[in-house]
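Notes to accompany the following structure.
Every chain is numbered from 1, with letters handed out A, B, ... down the list of sequences. Note that the coordinates shown come from a computational prediction; the quantities given were computed from them, not determined experimentally.
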Amino acid sequence: MSDELSPILRARREKLDKLRERDLEPFAYRFERSQTSAAAREAFESAESAGALPEDGHGAVARVGGRVVSWRGHGKSAFAHIEDGDGRIQLYFKKNVLGDESFDLALEMLDLGDWIGVAGAPFRTRTGEVTVRVDEWQLLTKSLRPLPFGKVEVDAETGERVVHSGFADTESRYRQRYADLAVNPEVRDVFRTRAQIVRELRQALDDAGFLEVETPALQPLYGGAAARPFVTHHHALDREMYLRIADELYLKRLIVGGYEAVYEIAKDFRNEGIDRFHNPEFTMLEFYRAYWDYHDLMDFTEALLARVVAAVVGGSRIDFQGTEISFEAPFGRIRFMEALGEALEADPATLSDDDLRARARALGIEDMGTAGRPRVLDKLFGELVEPGLVQPTFVMDHPIELSPLAKPHRTDPGVVERFELYVNGAELANAFSELNDPLDQRSRFEAQTELRDAGDVEAHQVDEDYIRALEYGLPPTGGLGMGVDRLVMLLTDQASIRDVILFPVLRAEE
RNA sequence: GAGCCGGUAGCUCAGCUGGUAGAGCAACGGACUUUUAAUCCGUAGGUCCUGGGUUCGACCCCCAGCCGGCUCACCA
């Protein structure tokens, strides 16, 4: 930081110096806390309702710690709130209780943002708030930079918190997430819910007999999705390596190895654009189960999401940005070509490539000149059908060229046994009956190679080792990938992926 | 990558037709021993995102750039 401190920072440094001059340690080593703020309040209230409080109305002494988040001085007394992991509790500093020295020190030295520990007896103020009368206090950490606190107003009738002029600048909130979290408790709640969602997913899979595994994030070849990778270099091996874009091919190798059901919740990395649905690193759940096909996966996915939604929001319905979404099974199921045919009011199979391109152009889709037929179908689908898929819907049976790792449909030529789950017009999961014919897999990879040679940087590479694994024998297997961040967005009602990722990728600050 | 919007005090924001920057909160000093957006009196605080240009004069107009948001493009 700069050598010239702003006056506001200098004032705090001066307090720090004064504390040290008085041999008061501004950065303590520990604090013996007896209870959290919430526990202290509950203990007082239960004593109160049991009629167990002494004459003076004060409960048993509590030792609580936290960050000073508000301060209202009244001369020879002061009210403050501290906040800990459980919430806020009011403190009452009183000169004749603390003594002149301790009281004056608090007035002189304490700032919003400081961490303190206090010991004192809880009581109920005239206005009814459970409050700790501070008998002793101790500075735990001096804050040298003011946190961007707003003023919190609690509506007396509804009990709702209204924050006035808080910390709102999106850029600063993402860059300084620590400050965002420190002053916006509802942001902390989002990430608690995120942890709950991941925990629930994990438990559901464990309960269903899946084995949690870890596969390489650093890979010699990347695959399992169509995306540009991050490329890095291993010095000792002197070779290029890639950050994974998906776990898929490794997880299926494990099914070859004899595990019947595996899953992984991991970061994937894709070297692509950033917007409110995409962060370059994101969390993906993938699971694979022997003997299942994509119908089994759909049934399981419905149950999995129902369980998570029930655990997190307590029901089957959520409100997302003003839209009600129901996760009640069964989800809608539509077939890719049929849905597209309805939207086009014509059977896509009977339309020529030129017809399809003309339709795309009519919709304002550009750059369709070099795209192959499946690609055009995909674009048309994205434009015409996807936005309407608000309630959870499985889109089934995609064109084979779009799905190099999926098994051909058992009766319908030209398509594969695949589904994508759409919610609120966005893709949440992608799954298929896994292609387990190594000869077919090789020719699919080779078709990808042609796309690659034609300049498609996202086309698959040929993974010889993966084909070798398939040659040993992959049992019939169903596999699914789900974007965990997007699920968290839905269940926490956040419109941007950056609001469910603690430290989203941003450009350099300078 | 394109379009639109934004960047002014620590925070939230205002700033007219171009005339030399303001409020609330926070800070600092003072009053106040049950307040809670505490209140009252006073004080201080600015690289107006950066760099050019136009002008007697630029927070304001023009050009270029940086950063962020949204939309589009991209994206299994």
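- The gap from the P atom of B:C59 to that of B:U20 amounts to 10 Å, rounded to the nearest Å.
- Between A:Ile274 and A:Leu506, the one whose closest nucleotide on RNA chain B sits nearer the 5' end is A:Leu506.
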Anything under 3.5 Å between a protein N or O and an N or O of nucleotides 28-31 of chain B, put it in a table, one pair a line.
unit_1	atom_1	unit_2	atom_2	d
B:C28	OP1	A:Lys15	NZ	2.5

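- Across all strands shown, A:Pro404 has heavy atoms under 4.0 Å from base atoms, whether or not it also approaches the sugar-phosphate.
- Atom NE2 in A:His58 sits about 13 Å away from atom P in B:U34, given to the nearest Å.
- For A:Arg418, no side-chain nitrogen or oxygen approaches OP1 or OP2 of B:A76 to under 4.0 Å.
- Rounded to a whole Å, the CD atom of A:Glu171 is 10 Å from the P atom of B:C67.
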Go through the steps to decide whether A:Arg67 and A:Asp84 satisfy the test salt bridge (Lys or Arg N to Asp or Glu O under 4.0 Å), and finish with yes or no.
-> CA-CA 7 Å; A:Arg67 172 182 267 142; A:Asp84 65 13; over 6 Å; no
Apply side-chain hydrogen bond (donor to acceptor under 3.5 Å, both in side chains) to the pair A:Glu153 and A:His164, showing each step before the final yes or no.
-> CA-CA 8 Å; A:Glu153 180 183 19; A:His164 299 271; 2.7 Å; yes
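- Annotation for A:His295 and A:Asp293: closest pair N-OD1, 2.9 Å, computed over non-hydrogen atoms.
- In this pair, A:Phe79 and A:His74 present their aromatic rings perpendicular. The plane angle is above 60°, beyond the 30 to 60° band.
- A:Arg133 comes within 4.0 angstrom of nothing in the nucleic acid, heavy atoms only.
- In the interface, the side chain of A:Glu129 is not paired with the base of B:U34 through any donor and acceptor atom under 3.5 Å apart.
- Side-chain contact of A:Tyr294 with A:Asp397: a donor-acceptor pair under 3.5 Å is present, judged by distance alone.
- On the P atoms, B:A26 is 16 Å away from B:G10, given to the nearest whole Å.
- Rounded to whole Å, the separation between the C1' atoms of B:C16 and B:C60 comes to 10 Å.
- Rounded to an integer number of Å, the gap from CG of A:Asn96 to P of B:U34 is 11 Å.
- When Watson-Crick and G-U wobble pairs are counted only if both distances are under 3.5 Å, B:A76 pairs with no nucleotide at all.
- Atom-to-atom, CG of A:Asp378 to C1' of B:A76 comes out at 7 Å; the value is rounded to the nearest Å.
- Between B:C67 and A:Arg175, no contact under 4.0 Å exists linking OP1 or OP2 to a side-chain N or O.
- Residue contacts shown for A:Arg270 are absent, as no nucleic acid heavy atom lies under 4.0 Å away.
- The side chain of A:Arg72 approaches B:U35 more closely than any other nucleotide in the set B:C70, B:U35, B:C11.
- Rounded to a whole angstrom, the distance from the P atom of B:C41 to that of B:A23 is 14 Å.
- A sub-4.0 Å separation between OP1 or OP2 of B:G45 and a side-chain N or O of A:Arg10 is absent.
- Heavy atoms of A:His81 sit under 4.0 angstrom from at least one base atom.
- Among B:C74, B:U35, B:U12, the nucleotide with an atom closest to any side-chain atom of A:Thr125 is B:U35.
- Residue side chain A:Ser77 does not reach the base of B:U34 through any donor-acceptor N/O pair under 3.5 Å, judged by distance alone.
- The base-pairing partner of B:U12, taking Watson-Crick or G-U wobble contacts with both distances under 3.5 Å, is B:A23.
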Check nucleotides 23-26 of chain B against the protein and report each pair of N or O atoms closer than 3.5 Å, with its distance, or say if there are none.
unit_1	atom_1	unit_2	atom_2	d
B:C25	O3'	A:Lys151	NZ	3.1
B:A26	OP1	A:Lys151	NZ	2.6

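- Two residues, A:Leu405 and A:Val505, neighbour RNA chain B, and the one matched to the more 5' nucleotide by heavy-atom proximity is A:Val505.
- Qualifying side-chain hydrogen bond (donor to acceptor under 3.5 Å, both in side chains) partners for A:Ser433, counting only residues two or more places apart in sequence or in other chains: A:Glu417.
- At least one side-chain nitrogen or oxygen of A:Arg507 sits closer than 4.0 Å to the OP1 or OP2 atom of B:G68.
- Between A:Lys94 and A:Asp135, none of the side-chain N atoms (NZ, or NE/NH1/NH2) sits under 4.0 Å from a carboxylate O, so this pair counts as no salt bridge.
- For the pair A:Arg41 and A:Phe44, the NZ or CZ position fails the cation-pi test of under 6.0 Å to the six-membered ring centre and within 45 degrees of the ring normal.
- When rounded to the nearest whole Å, the span between CG of A:Asp275 and P of B:G69 equals 10 Å.
- In this structure, A:Asp169 atom CG and B:G10 atom P are separated by 13 Å, rounded to whole Å.
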